[in-house]
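First up is the structure itself, then whatever we jot down about it.
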Amino acid sequence: MGNCDSTFRKACLSETDIRYDNDYPKDIVGQDKRWEKFSGYFKVELYSFNATDGSLPEPRPYFPGGRGGNDNSPYVRNTGTAWYNHTIDGSRMYIHRHYLSEKAPESFCNEPLLPGYMNHALGGVCGKNGIARVAGLFLAVNHDNEGKNKIHCAVSIIINSACDSLN
């Protein structure tokens, strides 16, 4: 049949494909030094504003099984605290984030609700519990996909029912 570059074959793949280049870095930081600054532990203060008019978002009643997200959050939504843990280990990146929102104000807890709506998420008590949202991200770089980042992401939510207040 012939060898690479023979009459019957094209150039050897190992000579043209970075997956076979031993000098090409296989780790995330080696491919882009900017990732070095992304690694570490961070405390972040969060601030939110309504995109339409710039006002501060207010807590809203929660509808179990309905649309989630910040549009449907019975907690303080204009400020919050988050803790980030970003770890880079060779060709892998692990991101763990914890977002905390304070308990709703008593005035919100005393408002009447439409049937089916709640003024707290399941497992919580309005005016007593805040909420913690936990997010995780896993990123891997490998030579099999030509050095391009392949991102896998998972997001979940838990109730911060163990704390009476986040202050």
The criterion is side chain to side chain contact (heavy atoms under 4.5 Å, CB included); which residues satisfy it with [X], sequence neighbours excluded?
X: Asp53; answer: Asn50, Ser55
X: Glu111; answer: Phe108
X: Lys33; answer: Val29, Glu36

Hey, could you give me each pair passing disulfide (SG to SG under 2.5 Å) that has a residue in residues 84-121? Not counting sequence neighbours.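 Every pair satisfying disulfide (SG to SG under 2.5 Å) with a residue in residues 84-121: Cys109-Cys126.
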Disulfide (SG to SG under 2.5 Å): which pairs involve residues 36-65, sequence neighbours left out?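 As it turns out, there is no disulfide (SG to SG under 2.5 Å) pair with a partner in residues 36-65 once direct neighbours are skipped.
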Check side chain to side chain donor-acceptor pair (under 3.5 Å) between Asn85 and all other residues, then give those that pass, not counting sequence neighbours.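 For Asn85, the residues satisfying side chain to side chain donor-acceptor pair (under 3.5 Å) (neighbours in sequence not counted) are Thr87.
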Run Leu100 and Trp83 through side-chain contact (heavy atoms from CB on, under 4.5 Å) and show every step you take. CA-CA 9 Å; Leu100 302 178; Trp83 284 271; 2.9 Å; yes
For the side chain of [X] and the backbone of [Y], is there at least one donor-acceptor N/O pair under 3.5 Å apart?
X: His86; Y: Phe38; result: yes
X: Arg97; Y: Ala135; result: no
X: Ser101; Y: Tyr75; result: no

Arg77 side chain near Arg60 side chain, heavy-atom distance below 4.5 Å: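 Yes, side chains in contact.
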Could you identify which residues cluster with Phe42, counting Ile, Leu, Val, Met, Phe, Trp and Tyr as linked when any side-chain heavy atoms lie under 4.5 Å apart, either directly or through a chain of such contacts?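 Joined to Phe42, directly or through intermediates: Val44, Leu46, Tyr84, Tyr99.
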Under the salt bridge (charged side-chain N to carboxylate O under 4.0 Å, His left out) test, residues paired with Glu45 that sit two or more places apart: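 Scan of Glu45 (salt bridge (charged side-chain N to carboxylate O under 4.0 Å, His left out), adjacent residues dropped) gives Lys43.
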Checking Asp32 now: which residues fulfil salt bridge (charged side-chain N to carboxylate O under 4.0 Å, His left out) with it, not counting sequence neighbours?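 If we apply the salt bridge (charged side-chain N to carboxylate O under 4.0 Å, His left out) test to Asp32, skipping adjacent residues, the hits are Arg34.
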To the nearest 0.5 Å, what is the distance between [atom1] ([X]) and [atom2] ([Y])?
X: His98; Y: His96; atom1: NE2; atom2: NE2; answer: 7.5 Å
X: Ile28; Y: Arg92; atom1: CD1; atom2: CZ; answer: 8.5 Å
X: Asn78; Y: Tyr47; atom1: CG; atom2: OH; answer: 10.0 Å

Testing the basics here: between Pro74 and Ala104, what is the closest heavy-atom pair and its distance to 0.1 Å?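 Minimum heavy-atom separation between Pro74 and Ala104: O-CB, 3.3 Å.
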Taking all atoms of both residues into account, what is the closest heavy-atom pair of Ile131 and Ala121, and its distance?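 Ile131 and Ala121 have their closest heavy atoms at CD1-CB, 4.3 Å.
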Hey, mind stepping through Tyr117 and Tyr62 against ring pair (Phe, Tyr, Trp, His ring centres under 6.0 Å) and telling me if it holds? CA-CA 6 Å; Tyr117 282 85; Tyr62 170 72; 9.0 Å; no
For Phe49, give me all partners under ring-ring contact (aromatic ring centres under 6.0 Å, His included), at least two apart in sequence or on another chain.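 Scan of Phe49 (ring-ring contact (aromatic ring centres under 6.0 Å, His included), adjacent residues dropped) gives none.
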